[in-house]
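Input: a single structure, listed below in structure tokens.
Labels below follow one simple rule: chain letters A, B, ... track the order of the sequence lines, proteins then strands, and each chain is numbered from 1.
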Amino acid sequence: MDIALTEPRTAERSFEDLFADEYARLVRALYLMCGNVAEAEDLSQEALARAFERWDRVGRMDSPIGYVYRIAMNLHRRRIRREKLLRLGLPGSTEKEEATAVETRTDIMAALLALPRDLRAALVLGELLGMSSDEAGRAMGIKAGSARARLHRARAAFRERIGEGYA
Amino acid sequence: MPEISDLLEHEARSVDPSDLWVNGTLEKVRRRRRVRQVVTTVLALTLATAGFLVAVRTFTGTTPSQPASNGAPNYQMSARMLQPGEPVPDAAGVQGENFIWISVDVTWDPENPPGVHRCTWKMLDANGTTVSRRTQYYLPRLLARGRESYYLKMLDLTGEPAGVSAECEPERLDRPGITDLQPPPETSEWDATLAEFDARVEAWADGFGIQEMSTDQLAGNLWAVRNAIILAPEGNGDWLQVRELSMRLHALCVLLPPEHEFRGGEFCD
């Protein structure tokens with residue numbers, strides 16, 4: 001009788017598969033987080049590129065896409081930080097410009113963008129992407145419990161704002 | 001009112017990356033990886049060649065009667081026996097019945113800190129026989145200075161010391177870099193010189209325990225190349241909270257006991 005000496009390896013997801021399956025979702029999620037399609041596409045591309053560069057390891061992770069989200073969110077955070085630093089040296093804040101831009105958006109987007117960035121991220125990860133608290137926590141770099149609490153606060157804040165918009 | 005998930009889904013659907021754009025992106029990503037591979041290969045070859053040349057130049061051997069030196073690619077260490085009359089760290093004197101103090105000097109390029117190495121100091125008698133030996137992990141404490149001097153007490157002498165040798169293994173035990181640094185969401189103040197970060201730990205040197213830790217409380221010492229800051233982070237889980245961190249984030253290293261190795265994944269640049 002032939003005996004199988006080795007078990008078949010679990011197939012690793014190829015980068016192309018991940019890209020095909022997740023790219024649009026990634027762009028959309030990031031769009032909701034940053035409110036800008038071009039920025040969302042740019043972040044998505046950069047995050048995927050970085051994941052691909054390390055695909056030997058990333059491909060074996062439990063959740064490669066979680067890693068990609070994590071990278072994308074970090075990139076987004078850094079860009080915001082850089083922008084804030086730049087603003088420090090510039091007379092006149094751009095807050096007014098942002099406020100004007102928000103007014104032209106849909107109610108949903110306006111409500112989202114009115115949330116603090118961390119709550120917005122929690123809402124998108126939890127509600128749009130359906131991530132568990134553990135997954136969302138990993139993506140945001142916080143504990144699962146904190147992610148849960150953040151999502152709870154985000155839902156309440158969003159409902160409050162979207163309620164105003166629909167009233 | 002509709003479900004939040006439905007509202008977000010509806011809004012998200014307003015963005016629809018075209019297939020053309022998707023394919024273009026995929027090609028860009030592939031191209032970037034190829035370029036990175038080439039650059040990495042070239043860089044690795046260059047570094048390997050440079051390291052070999054430096055090693056050949058600096059490993060010249062030690063003699064018991066002379067200050068010993070150890071050459072690693074980016075730092076120099078020398079050690080010598082203290083002489084009677086020289087100041088020493090305690091009142092027992094330069095040399096006792098079973099011990100002797102040595103002075104160790106390390107210099108390095110402040111822009112290129114050596115990190116953690118396993119070093120061994122040996123007391124040698126006139127015949128070159130080891131009469132005392134001490135091994136420990138070494139990390140310069142104030143990397144910004146580029147120089148550090150300290151004393152070591154060599155114990156359990158088994159003969160008359162005549163010289164000292166110092167050798168550090170070339171392997172760098174720490175991996176510089178904190179995997180992620182971000183201002184916590186609650187942080188509202190931010191300026192160019194002061195910030196508050198959560199630092200996620202990725203790697204540390206084996207056996208280099210700095211402080212006691214438990215699974216839900218990480219504590220460690222951090223070093224930065226410039227504006228040396230740090231110390232005593234408070235935190236929990238996988239996170240360390242670091243205050244007043246310098247902006248030279250890339251130069252940080254975190255060293256914590258190995259049993260708390262961070263779960264998989266690398267999130268640094």
Side-chain angles (χ1 to χ4, degrees), chain A residues 15-16 19-20 23-25 27-29 31-32 37 40-41 44-45 48-55 57-58 60-62 66-67 70-71 74 77-78 81 84-85 88 106 108-109 111-112 116-119 121 123-124 126-128 130 138 140-143 150 154-155 158-159 162-163 166, chain B residues 1-19 21-26 28-37 40 179-193 195 197-200 216 236-239 247 249 263-269:
Chain A
F15 178 76
E16 284 74 11
F19 194 99
Y23 179 72
R25 225 158 92 94
V27 173
R28 287 168 179 157
Y31 164 65
L32 294 190
V37 178
E41 288 174 337
S44 303
Q45 181 181 326
L48 285 164
R50 291 187 185 198
F52 190 42
E53 285 165 359
R54 301 164 171 85
W55 192 249
R57 285 183 302 107
V58 176
R60 289 197 295 269
M61 289 179 178
D62 291 340
Y67 176 87
R70 169 86 184 167
I71 295 284
N74 284 346
R77 198 178 294 127
R78 284 176 197 146
R81 204 182 302 163
K84 280 183 182 173
L85 285 174
L88 287 176
T106 65
I108 298 169
M109 203 62 209
L112 258 182
R117 187 167 46 84
D118 55 329
L119 296 189
L123 200 65
V124 172
E127 290 287 351
L128 178 73
R138 249 178 282 160
M140 290 186 286
I142 58 176
K143 288 183 187 174
R150 201 173 281 184
R155 281 181 183 136
F158 183 75
R159 280 201 188 99
I162 201 71
Y166 276 85
Chain B
M1 185 183 292
E3 292 294 322
I4 293 176
S5 56
D6 294 336
L7 291 175
L8 297 186
E9 185 69 34
H10 175 267
E11 187 65 29
R13 290 278 169 192
S14 67
V15 176
D16 189 19
S18 72
D19 288 344
W21 205 92
V22 170
N23 291 334
T25 299
L26 185 56
K28 271 191 208 170
V29 167
R30 284 183 178 134
R31 197 161 49 237
R32 262 189 62 162
R33 190 190 197 194
R34 284 195 294 272
V35 169
R36 183 186 159 102
Q37 284 171 336
T40 304
T179 54
D180 180 39
L181 291 165
Q182 60 176 5
E186 292 74 20
T187 302
S188 54
E189 299 88 10
W190 166 270
D191 63 40
T193 58
F197 292 91
D198 282 344
R200 190 163 200 158
D216 61 355
N236 50 54
D238 300 317
W239 297 87
M247 296 298 286
L249 305 180
R263 60 177 178 262
E266 182 183 337
F267 298 107
C268 53
D269 288 334

Need one label for [X]: side chain, backbone, both or neither, based on atoms under 4.5 Å from any heavy atom in chain B.
X: A:F158; result: side chain
X: A:L112; result: side chain
X: A:L32; result: side chain
X: A:R25; result: neither

Between CG of A:D118 and CG of A:L123, what distance do you get to the nearest 0.5 Å?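 Here the interatomic distance stands at 11.5 Å.
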Gap between atom OH of A:Y23 and atom CD of A:E16 - 0.5 Å precision: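 Answer for the CD-OH pair, A:E16 versus A:Y23, is 15.0 Å.
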Starting from the C-alpha separation in whole Å, work towards a yes-or-no answer on side chain to side chain contact (heavy atoms under 4.5 Å, CB included) for B:R13 and A:R28. CA-CA 7 Å; B:R13 290 278 169 192; A:R28 287 168 179 157; 3.0 Å; yes
Can you say whether the rings of A:F15 and A:F19 are parallel (under 30°), tilted (30 to 60°) or perpendicular (over 60°)?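 Correct class here is tilted.
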